[in-house]
Amino acid sequence: MRYITGVLLAMILIAGCQGNDKKTPAIVGATRDSAQLTTVQWLDSMKDFGKIVEGQKLEVAFRFKNTGDKPLVIEKVQPSCGCTVAEQSTEPIAPGGEGQVKASFNSQGRTGVNHKTLYVYANTKGSRSHSLQFVVQVDKKP
């Protein structure tokens with residue numbers, strides 16, 4: 001009986017999460033239409049933030065430039081860990097335009113060296129996924 005209850009609960013949770021995707025059809029279409037692919041130059045894709053004290057929140061931003069001739073559409077930004085929350089722009093970046101991928105890292109309970117990755121999915125030629133990385137040393141609170 002517990003198994004059936006657990007399965008039903010999981011199905012309800014999954015069904016409840018479906019439809020909450022805030023991507024518009026235009027965003028999803030642009031990332032899958034080969035005629036709408038563009039190129040991107042990451043102005044910084046690796047950052048070292050040195051040291052912070054446990055409990056601090058670290059704001060991270062990676063800059064990029066649309067070097068192609070079509071609008072750059074970021075479909076999704078996926079952090080590698082639940083301690084990092086990414087912000088996602090829903091506005092396309094015009095050819096020649098610049099933008100940022102932002103995230104916030106919560107250092108609570110994360111003492112030591114932390115290597116984190118943001119996976120960015122966009123309408124780019126070659127590969128539609130890009131990895132942005134940062135490292136930070138979290139020192140225990142005094």
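Owing to the predicted nature of the structure, the values given are computational and were not obtained by experimental measurement.
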Minimum side-chain heavy-atom gap Phe49-Asn114 below 4.5 Å
no
Do the side chain of Lys76 and the main chain of Tyr119 share a donor and acceptor less than 3.5 angstrom apart?
no
Applying a strict under-4.5 Å side-chain criterion to I, L, V, M, F, W and Y, I'd like to know whether Val113 and Met46 cluster together.
yes
Just how far is it from atom OG of Ser131 to atom CG of Leu118, taken to the nearest 0.5 Å?
9.0 Å
Of all heavy-atom pairs between Val77 and Val101, which one has the smallest distance, and what is that distance?
CG1-CG1, 3.9 Å
Gap between atom OG1 of Thr90 and atom CD of Glu75 - 0.5 Å precision:
13.0 Å
Scanning both residues in full, the closest heavy-atom pair of Ser107 with Gly55 reads OG-N, 2.8 Å
If you count every heavy atom of other residues, nucleotides or ligands that lies below 6.0 Å from Lys47 atom NZ, does the total exceed 12?
yes
Heavy-atom side-chain contact between Phe62 and Val120 under 4.5 Å:
no
Under 4.5 Å between any side-chain heavy atoms of Phe64 and Asn66, yes or no?
no
What is the minimum heavy-atom distance between Thr38 and Gly68, and which atoms define it?
OG1-CA, 3.0 Å
Over all atoms of both residues, closest heavy-atom pair of Ala122 and Leu72
CB-CD1, 4.0 Å
Tightest non-hydrogen contact, residues Asn123 and Pro71, listed as ND2-O, 3.0 Å
What's the spacing between Thr84 OG1 and Gln78 CD if we round to 0.5 Å?
11.0 Å
Rounded to the nearest 0.5 angstrom, the CD1-NZ distance for Ile52 and Lys57 is 11.0 Å
Identify all side-chain donor-acceptor contacts of residues 132-142 below 3.5 Å with residues at least two apart in sequence or on another chain.
from, atom 1, to, atom 2, distance (Å)
Gln137, NE2, Asp139, OD1, 3.3

Would you name the heavy atoms of Phe105 and Lys116 that are closest together and state the gap between them?
CE1-CE, 3.8 Å
With rounding to the nearest 0.5 Å, note down the distance linking NZ in Lys70 to NZ in Lys125.
8.5 Å
